[in-house]
Protein chains: 2
Amino acid sequence: MSEALGNLSRKEQVIRKAAELFKEKGYAAASMRDLAQLLGIEAASLYSHIKSKEEILRSLCFDMATEFRKSLDEVEKRNVPASEKLRMGIIGHIQVMAKDLTASAVFMNEHRHLSEPFLRDFLLLRINYINRFKKILEDGVRAGEFKSTIDKKLAVMTLFSSLNWMPMWYDPDSAIDPSALGYQLADMLVNGLKKNP
Amino acid sequence: MSEALGNLSRKEQVIRKAAELFKEKGYAAASMRDLAQLLGIEAASLYSHIKSKEEILRSLCFDMATEFRKSLDEVEKRNVPASEKLRMGIIGHIQVMAKDLTASAVFMNEHRHLSEPFLRDFLLLRINYINRFKKILEDGVRAGEFKSTIDKKLAVMTLFSSLNWMPMWYDPDSAIDPSALGYQLADMLVNGLKKNP
DNA sequence: AGCGTTGCCTAACATTTGTTTGTGTTCAGG
DNA sequence: CCTGAACACAAACAAATGTTAGGCAACGCT
């Protein structure tokens, strides 16, 4: 079995194209025949490379989840104030997304089509990731860096909403590059739109 | 034809349940038989009330679009600073959503399944609405109320991301009520998370 | 009493869905 | 040259899809 690169090449090609299709039409509305046509082959031929339609979704979702976790791991190691940690977390999250905007879009919009027990596993990973951000926020409030007036759930959910929709509208060829985007987004959420007098 | 109320009653019932189903499973993955079962009838019976599956989606999407437009109409009439207009726009948007969280979720997640020419029409309404917010933002920058350092497209898209995901996580029975939610969300986006010294 | 409307049913339809089976071809490595 | 893997195909499958046709029962209205 020469899976090392042999599989990767063609299988990964299938998964990539699938990601594009899933992003565009949604998982449920995207048929295997659509996908096959995009690759210039017959639908049945897909099954030489993948076990099922859902396996594709699974690998897309869980691979992204791993990347997000790794990014946050790095941030948590640092010994910096909470507001700085938050900024770094946001920037990291954006960078992970920017590395694969298509997979990111699928990750956040189509994960609900995972079947059990994979859906449960996925949601656990997700809530864990969110809670780690929430903890940073709470640390920041305790340290007097953040307002205590804002509901913490609201704050963290707003944060993720802003982040997670980025793949839907961001154009990688646009004027603003991913790292600048991360910085500006972090600034906007931490400092707000208002001019500081 | 006594459409005035006769239709409304049962047809509206069908559409409401459909909205719940579409929100939960997504439009494409939700079958007419699922919907029928939820209503305790057979799938074929649905067609006494509606013309097609997509007609349901259409009425959900365009009814919400109308509500959003009306809300922003009111805000634009007011003669207040841009930052205040933005705050009012955000609060209005939240309130429209809070009035029907289910339809709101469908509106933003499932509109892509509209067929032409309805999709085109919908997207035009949407971009128009966004541009009106963008204009408020630009007025605010010109008036020196908002930072000029932040990319305007980024700002407005982040704004809508935060708003539009609300129906996905907001629990109407939670501690924070919709109007407080609107206020806090507006404050967070305009003033940021950081404590003002 | 008779009428039209409303609401639902059963039966059926053509299509599309994900997937399986079996077969053929191409090509690199021993 | 032979073997086996990688890749693709055509044909078929059962199941699920949105939708139509025709009919039956109950109700309010004149």
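Below, chains carry the letters A, B, ... as their sequence lines are ordered, and counting in each starts from 1.
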Q: List in chain and number order the residues that pass side-chain contact (heavy atoms from CB on, under 4.5 Å) with A180(A), two or more places apart in sequence or in another chain; answer none if no residue qualifies.
A: I176(A), D177(A)

Q: Return the value, rounded to whole Å, for the distance between atom CD1 of I41(B) and atom P of dT6(C).
A: 16 Å

Q. So which heavy atom on W169(B) is nearest to which on S161(A), and how close?
A. NE1-OG, 4.0 Å

Q: Give the rounded distance in Å between these two atoms: CZ of R10(B) and C1' of dC27(D).
A: 15 Å

Q. Residues from residues 108-115 of chain A sitting under 4.0 Å of DNA chain C, heavy atoms only?
A. none

**Q.** Selection from dC7(D), dC9(D), dC9(C) that lies nearest to any side-chain heavy atom of H49(A)
**A.** dC7(D)

Just list the side-chain donor-acceptor pairs under 3.5 Å for residues 128-138 of chain A, sequence neighbours left out, or say none.
{"from": "Y129(A)", "atom 1": "OH", "to": "H93(A)", "atom 2": "ND1", "distance (Å)": "2.8"}
{"from": "N131(A)", "atom 1": "ND2", "to": "I127(A)", "atom 2": "O", "distance (Å)": "3.4"}
{"from": "R132(A)", "atom 1": "NE", "to": "E76(A)", "atom 2": "OE1", "distance (Å)": "3.2"}
{"from": "R132(A)", "atom 1": "NE", "to": "E76(A)", "atom 2": "OE2", "distance (Å)": "3.1"}
{"from": "R132(A)", "atom 1": "NH2", "to": "D73(A)", "atom 2": "OD1", "distance (Å)": "2.6"}
{"from": "R132(A)", "atom 1": "NH2", "to": "E76(A)", "atom 2": "OE1", "distance (Å)": "2.7"}
{"from": "K135(A)", "atom 1": "NZ", "to": "D139(A)", "atom 2": "OD2", "distance (Å)": "3.3"}

Q.
For R120(B), give me all partners under side-chain contact (heavy atoms from CB on, under 4.5 Å), at least two apart in sequence or on another chain.
A. E116(B)

Q.
I need the CD-P distance between Q13(A) and dA6(D), as an integer number of Å.
A. 15 Å

Q: To the nearest Å, give me how far apart NZ (K11(B)) and P (dT5(C)) are.
A: 17 Å

Q. Considering residues at least two apart in sequence or located in another chain, which fulfil the ring pair (Phe, Tyr, Trp, His ring centres under 6.0 Å) criterion with Y170(A)?
A. none

**Q.** Side chain proximity check, M168(A) to M108(A), heavy atoms < 4.5 angstrom
**A.** yes

Q. Which letter, B, S or -, goes with each nucleotide of nucleotides 14-29 of chain C from 5' to 3', with contact meaning a protein heavy atom under 4.0 Å?
A. ---BBBB---------

**Q.** All side-chain contact (heavy atoms from CB on, under 4.5 Å) counterparts of D171(B), not counting sequence neighbours
**A.** D173(B), S174(B)

Q: Supply the members, apart from I91(B), of the Ile/Leu/Val/Met/Phe/Trp/Tyr cluster built from side-chain contacts under 4.5 Å; use none for a lone residue.
A: Y183(B)

Q | Nucleotide-level pairing of DNA chain D, given in dot-bracket where Watson-Crick and G-U pairs need both distances under 3.5 Å and | marks other strands | A | ||||||||||||.|||||||||||||||.|

Q: Can you run down the salt bridge (Lys or Arg N to Asp or Glu O under 4.0 Å) pairs that involve residues 38-50 of chain A, sequence neighbours left out, and say none if there aren't any?
A: none

Q) Given atom CG of L35(B) and atom P of dT17(D), what is their separation to the nearest angstrom? A) 12 Å

Q.
So, using side-chain contact (heavy atoms from CB on, under 4.5 Å) as the criterion, who are the partners of V75(B) when residues are at least two apart?
A. L72(B), K85(B), M88(B)

Q) Between dC9(C) atom P and Q37(B) atom CD, what is the distance in whole Å? A) 12 Å

**Q.** Atom-pair distance (CG on L46(A); P on dC9(D)), nearest Å
**A.** 9 Å

Q.
Without decimals, in angstroms, what is the distance between L21(B) CG and dT17(D) P?
A. 11 Å

Report, one line per pair, each donor and acceptor closer than 3.5 Å where one atom sits in a side chain of residues 17-30 of chain A; sequence neighbours left out.
{"from": "K23(A)", "atom 1": "NZ", "to": "P167(A)", "atom 2": "O", "distance (Å)": "3.3"}
{"from": "K25(A)", "atom 1": "NZ", "to": "D34(A)", "atom 2": "OD2", "distance (Å)": "3.2"}
{"from": "Y27(A)", "atom 1": "OH", "to": "E54(A)", "atom 2": "N", "distance (Å)": "3.3"}

